[in-house]
There are 2 protein chains.
Amino acid sequence: MPVTIKDVAKSAQVSIATVSRVINNKGYISQKTRKKVYQAMNQLHYTPNIAARKLQSKHTATIGVILPSLDNPLYSELFENVEKYLAVANYQTLLCTSNNQPEREQKYFSLLQANQVEGIITSSHSKFFIQQDLNNYPIICFDRSISKNIPSVRSNNYLGGQKIAKVIIHKNKKNILILSGSKEDLNPINDRIKGMLSIFQNVDTNVQTIALDFDSSLLVKKLLIQKILSTHHFDAICCTDDLTALLVLSFTKSQNHPPLITGYDGSTFVQTLFPDLLTVKQPIGPMAELMCDLLLAKIQNPQQNFETEYVFPISLTQ
Amino acid sequence: MPVTIKDVAKSAQVSIATVSRVINNKGYISQKTRKKVYQAMNQLHYTPNIAARKLQSKHTATIGVILPSLDNPLYSELFENVEKYLAVANYQTLLCTSNNQPEREQKYFSLLQANQVEGIITSSHSKFFIQQDLNNYPIICFDRSISKNIPSVRSNNYLGGQKIAKVIIHKNKKNILILSGSKEDLNPINDRIKGMLSIFQNVDTNVQTIALDFDSSLLVKKLLIQKILSTHHFDAICCTDDLTALLVLSFTKSQNHPPLITGYDGSTFVQTLFPDLLTVKQPIGPMAELMCDLLLAKIQNPQQNFETEYVFPISLTQ
DNA sequence: CTGAAAGCGCTAACAT
DNA sequence: ATGTTAGCGCTTTCAG
C-alpha cells in the first residue's frame with residue numbers, strides 16, 4: 001500500500017493541509033514544521049499521487065506529443081528536445097506515435113484528453129484535427145498546417161529546396177529525380193519540391209518527380225526505390241527527407257558512377273553517421289524549444305494571438 | 001470546462017453509477033438505458049477523466065518505460081513494439097529517457113511512481129534500482145541484470161559474440177579490435193566480448209579491446225573513434241553494438257582497404273539501411289512481446305515466480 | 001501560521 | 001436493472 005499525504009501528516013503530527021503546503025511551497029509555514037514534514041516524507045519515501053493532484057487542480061503539468069514514428073531520427077531527436085525543454089518547465093510529456101493513421105491519431109487525441117493534458121504538440125498528417133472543434137485548445141504543429149488558429153513551426157522548406165537545387169545545377173547534373181517521401185498534400189514537403197522546381201525550370205534539365213507513400217514501412221519504401229532505380233538512371237536524386245536519401249544510398253553507394261543523393265532534415269544522428277550526405281539542416285533544438293515556449297504561453301493565456309507560422313532558417317551541410 | 005460523468009448522467013436522465021457501468025461495461029444494464037447513455041456521451045463529446053479513474057481504482061492501466069535514449073534505433077524499435085503490445089492489452093505507456101544518468105533514472109522512477117504506473121520496463125544501466133526496496137514491484141529489465149527477483153530479457157550475447165568471432169576467423173583476419181560501447185560492468189555487453197574472446201584465444205590472432213563511454217553523445221564517441229583509427233590499423237573491428245559499428249563505418253568506408261566491421265543488435269532500421277553490415281540480429285519484436293507478457297503477468301500476480309533470465313536466440317545477417 | 005472540511009471525477013459496495 | 005453513497009489522495013477556501 002503506497003504511502004499517502006495522510007501518513008506523512010500523521011507521522012509529522014500536522015494536518016494534511018500543512019503537508020500539502022510544504023509540498024507545493026504555498027502559503028506561510030514555519031521552518032520548524034517544514035523540517036518536520038520533510039523528515040517524515042523522506043522517512044516514509046513519500047511520492048505524491050499525481051492522479052489525485054490532476055483531479056483536483058486544472059494544472060496537470062503534462063502535455064501530449066503525437067508524432068508519426070520514432071523510426072525517423074528527425075522525430076526522435078525532436079522528441080528528446082521537447083521532453084528536455086518541458087522538463088525544465090516542470091512539465092511531463094506523454095508520447096504517442098500515430099504512423100499517420102487517422103484512427104490512431106483520433107484515438108490518441110482522446111487518450112491525451114482523457115489524461116487531461118494541458119496542450120498538445122503534434123506533427124500528424126491527417127486532417128483529423130481540422131474537424132475537431134478545438135480552436136482554443138492549445139496545440140502547436142510541427143511542419144504541418146492545420147488551421148489559422150493553430151501555430152505551425154517549420155523550417156524554410158521552399159528556400160531549402162532552392163538551395164539544394166542550386167548545388168545540383170552547380171555540379172552540372174542534368175537528369176534529376178525528385179523523390180518525395182509523401183503523397184500528402186498539406187504536407188510542407190511540397191514546398192521543398194516547389195523550391196527545387198523553381199530553380200530547375202530555369203535551367204536545361206530533365207526533372208522527374210516520384211512520390212512514395214510516407215506511411216509505409218521502411219521495407220516497403222525500399223522495395224519501391226529498388227524498382228525505380230532498376231529501370232531508370234539519374235545523375236542526381238533529390239529526396240525530400242534524409243531517411244529516403246539513406247534508403248537510396250543503400251543501393252547506389254556500391255555503384256560505379258553513383259548519382260548525387262541529397263536529403264532534407266539534418267538530424268544529429270544522420271549528420272554524425274553520414275557527414276558526406278548533402279542535406280538541409282533544420283535547427284531541431286531551437287524549433288523544439290520554440291514549440292514548447294509557444295505551447296506554454298498559449299496554455300497560460302489561451303486568448304493570446306500567435307502567428308500562424310514560425311519559419312526557421314536552414315543551412316546546407318558541406 | 002470539460003464535460004464529466006455528471007453531465008452525461010443528467011443529459012441521459014440516469015444516475016452517474018449507471019453511466020459508469022456502461023462506460024466500463026460492468027453489471028447489468030438494459031439496452032434502452034445503454035443506448036441513452038451512449039447518445040448522451042456522443043452528444044456531449046464526453047471523455048472520461050483518467051486521473052479520477054486512477055485515483056479510484058488500483059488499476060491505472062498504465063505502465064512506465066525507462067530507456068537510455070531514442071537515438072539508438074534498437075531502443076526506438078523496442079519502444080514501438082512495447083507500446084504496440086501494451087496497447088493491445090489496453091495499457092498506456094509512459095516513456096522516459098535517462099541517458100543512463102542515475103539522477104535522471106531516480107527522478108523518472110519517482111515520476112512514474114507518482115503516476116501510479118502498475119509496472120516498469122527498463123533498460124537502464126545504473127544500479128539505482130538495486131538499492132530500492134522494490135522486490136515485489138513489477139519490473140522487467142531489458143538486457144540488464146538488477147537482481148534475482150527482477151526478470152531480465154536478453155539475447156544470447158555470449159553466443160552472438162562467438163558467432164561473430166567465428167566469421168572473423170573464417171575470413172582470416174588477424175589484427176582485431178573489439179570496440180565496446182560501454183565501460184559498465186553489469187552490462188551484458190561484456191558477455192558479447194567474452195564470447196568473442198573465447199573464440200579468438202584459440203587462434204593465432206592479435207586482439208585488443210577498447211571501451212568507449214556508453215553515455216557520451218554520438219559526437220564524442222565519434223571523436224574517440226577517429227583518434228583510435230588514426231593511430232592504429234586493424235583487419236577487423238568488432239563493435240558491441242550497431243551504432244558504434246556505423247560510427248566506425250563512417251570513417252572506414254572510404255578507405256582503400258577498409259577493415260571488416262561488425263555490429264550487434266540488428267534493428268530493422270539498421271538492417272534496412274545497411275544490409276551489408278555483418279551483425280547479430282536480436283528478435284526485438286518477440287523480446288518486446290515477452291517483456292510485456294511477463295510484466296502483465298507479474299502485475300496480475302505479484303507472488304508468482306519467474307525465471308531470472310529469459311534468453312533469446314540470435315542469428316547472423318548475411 | 002495551521003487545521004477542518006469541501007470537493008475534483010470516478011468506481012464500487014450497498015440498497016432498492 | 002438502477003440509484004445512493006462513501007471514499008480514492010490531493011488542493012484549497014475558510015476559520016481560527
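Within every chain, numbering begins at 1; the chains are lettered A, B, ... in the order of the sequence lines, protein sequences first and strands thereafter. Small disclaimer: the values here were computed from a predicted structure and weren't measured. As a basis for the values below, the full set of heavy atoms in this structure was taken, side chains included, without hydrogen atoms, waters or symmetry mates.
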Identify whether any heavy atom of B:V19 sits under 4.0 Å from a base atom; if not, whether one sits that close to sugar-phosphate; answer base, sugar-phosphate or nothing.
->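 Contact class for B:V19: none.
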For [X] and [N], is the shortest distance between a side-chain N/O and OP1 or OP2 below 4.0 Å?
X     : N     : value
A:Y28 : C:dG3 : no
A:T4  : D:dG9 : no
B:T33 : D:dA1 : no
A:T18 : C:dT2 : no

Sequence neighbours excluded, which residues qualify as side-chain hydrogen bond (donor to acceptor under 3.5 Å, both in side chains) partners of B:T97?
->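 For B:T97, the residues satisfying side-chain hydrogen bond (donor to acceptor under 3.5 Å, both in side chains) (neighbours in sequence not counted) are A:E83.
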Examine the side chains of B:D143 and B:Q282 and answer whether a donor and an acceptor come within less than 3.5 Å of each other.
->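 Not at all, the side chains of B:D143 and B:Q282 share no donor-acceptor pair under 3.5 Å.
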So, B:R154 and B:S145: side-chain donor and acceptor under 3.5 Å apart, yes or no?
->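 Indeed, the side chains of B:R154 and B:S145 share at least one donor-acceptor pair under 3.5 Å.
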OH of B:Y91 to OG1 of B:T62: how many Å apart, nearest 0.5 Å?
->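 The distance works out to 9.0 Å.
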Take atom [atom1] of [X] and atom [atom2] of [N], then tell me their distance rounded to the nearest Å.
X      : N      : atom1 : atom2 : answer
B:N49  : C:dT11 : CG    : P     : 10 Å
A:Q56  : D:dG7  : CD    : C1'   : 15 Å
A:Q116 : C:dC8  : CD    : P     : 14 Å
A:I23  : D:dG9  : CD1   : P     : 13 Å
B:N115 : D:dC10 : CG    : P     : 13 Å
A:K26  : D:dC10 : NZ    : P     : 15 Å
A:L55  : D:dT12 : CG    : C1'   : 13 Å
B:I16  : D:dA6  : CD1   : C1'   : 11 Å

Out of [options], whichever nucleotide has its closest atom nearest the side chain of [X]:
X     : options                : answer
B:R21 : C:dT2, C:dA12, D:dT2   : D:dT2
B:S30 : D:dC10, D:dA1, D:dG3   : D:dA1
A:I29 : D:dG9, C:dC8, C:dT2    : C:dT2
B:K6  : D:dT4, C:dG3, C:dC8    : C:dC8
B:N24 : C:dT11, D:dC10, D:dT13 : C:dT11

CD/B:Q304: more than 12 non-hydrogen atoms of other groups inside 6.0 Å |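 Atom CD in B:Q304 is packed in, count exceeds 12.
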